[in-house]
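Heads up: the structure comes next, in structure tokens.
Protein chains get the first letters and strands the later ones, always in sequence-line order, with residue 1 at the start of each.
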Protein chains: 2
Amino acid sequence: MPIAANDPGCAPPRCAACAARDTSVCASFADRELTALHGIGRRRMLKAGQVLIWAGDPAAVCANLVSGVLKVVREDPDGRAQIVGLLFPGDFVGELFVEQARETVVALVDADLCLYSRRALEPVLAAQPGAEGLLLRRALGTLAEARRWMLMLGRRHAPEKVAAFLLDMHRRLGVGDRVDLPMGRGAVGEVLGLTIETVSRQMTALKAAGLIALPGGRQVRLLDRAALARIAG
Amino acid sequence: MPIAANDPGCAPPRCAACAARDTSVCASFADRELTALHGIGRRRMLKAGQVLIWAGDPAAVCANLVSGVLKVVREDPDGRAQIVGLLFPGDFVGELFVEQARETVVALVDADLCLYSRRALEPVLAAQPGAEGLLLRRALGTLAEARRWMLMLGRRHAPEKVAAFLLDMHRRLGVGDRVDLPMGRGAVGEVLGLTIETVSRQMTALKAAGLIALPGGRQVRLLDRAALARIAG
DNA sequence: CGGAGGCTTGATGTAGTTCAATCTCCGTGG
DNA sequence: CCACGGAGATTGAACTACATCAAGCCTCCG
């Protein structure tokens, strides 16, 4: 990794200061080429709850997530919703190479993105050697994660699901033994394929067993991670 | 698409005759470049039930599926299994860029593959412009499919799952109103996150309702696809 | 203080699992 | 040729995990 490639001196200032500069797709771009990407991108803030992409709409935009957490949701004709992905800083947002969005993307907490028109982005990616390779690696990683998730949805019981979810969130967002969940009980249910009541009961059970504490709000303290891991399987 | 690119005259004979020549990743290779790929590939036959890749083993091989159907399985520590993917002719088999296989790959029926060492394949793909882009498109397609599947696993009831599965299989393998399922009831359960008994009961119910017929073995006739689609949602 | 949104708790219902027995279809061998 | 055996499929009965329906309960903010 040559130092010059990421030398802030010649990258567009907004990119040089970007928190996701080295973890997003942009990492495959040297500062020189970054200018092309910069030219077609713009910053966008999302408030918690705001929708970025509606399933069914034309797939017009992609983005790099700079800060915040987004959910990717699939919905039934009859309204049952399943969260099929969570996006964290550095993740790529949106669907390439399709005309119609299949998934709704919503901010779970206030978020910050670097937004691109899909039409403009695709040729830039194709022209930049290595960019599609990088996206391929990411996509394969996301696929592996989705499949792990499928095993959970199809085969595991509520206690295992909740324990696994808490450990997962802690791995991504935890500080010490604490996690501040970026979502309410309802959305946790949408992630795990459970109802809000079942999630709530499982959390209470874990608290009663002394494995977690619920200091209030969306905060969780994982008091016995080993035991949680044992439950998660 | 220039005619010369796929001129059988200068492709390696095995590739020129390959049933998957134009649907697999090979389609991104002109005949000239195909020779490099051909050089590192070898044919392999799999009997129904044979395992190609064991989860946990070093990820040594990838392949193009030429004929047959494979299942991709994830397993719990305690043995519960979930099929997370089905592979059909033209599909890419195996995991790139990882050292350890996360999924077991098994032939559901007799299958025919074009096998590559992963170590040898990766550089060839990187060198061939467009190959990684093609794989990216495929990977994104597979991801979208996995997410559709997640919605099914998390949110749908047994009757909807079975109806949707039958329509899906018919779309891929059907001739007229018939499908010959490439798997038994047990594996259908592993796909849908159900037990073998529940699958069997649902099938009997559909038969009783006159929506399907079960002529025997793994054959199914879809007598009322509109009604099935209505159940599938 | 009051009211709304999200969370918890309880009571009841039910879809799907589990356990177990029987059946069907085929291939094998007497 | 038919009897036997085995694997997969079906069917039944009982159970249980989770959903559903329905109150109540915090807690944050106007």
Should [X] and [Y] count as an ion pair when the cut-off is N to O under 4.0 Å?
X	Y	value
B:Arg156	A:Asp76	yes
A:Arg172	A:Glu145	yes
A:Glu197	A:Arg201	no

How many Å lie between [atom1] on [X] and [atom2] on [N], as a whole number?
X	N	atom1	atom2	result
B:Ile212	D:dA9	CD1	C1'	13 Å
B:Met152	C:dG16	CE	P	12 Å
A:Arg155	C:dT18	CZ	C1'	14 Å
A:Leu214	C:dT8	CG	C1'	11 Å
A:His157	C:dG16	NE2	P	14 Å
B:Arg218	C:dT24	CZ	P	20 Å
A:Leu181	C:dG6	CG	C1'	14 Å
B:Met183	D:dA7	CE	P	21 Å

Closest approach of A:Leu153 and A:Gly193, non-hydrogen atoms and distance?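 Looks like CD2-N, 3.9 Å.
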For B:Leu70 against B:Ala111, the heavy-atom pair lying closest together: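 B:Leu70 and B:Ala111 have their closest heavy atoms at CD2-CB, 3.9 Å.
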So which of residues 189-202 of chain A are in contact with DNA chain D, with a heavy-atom cut-off of under 4.0 Å?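 Of all residues in residues 189-202 of chain A, the ones placing a heavy atom under 4.0 Å from DNA chain D are A:Gly193, A:Leu194, A:Thr195, A:Glu197, A:Thr198, A:Arg201.
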So do B:Arg74 and A:Met150 actually touch side chain to side chain, heavy atoms under 4.5 Å?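 Not touching, per the 4.5 Å side-chain cut-off.
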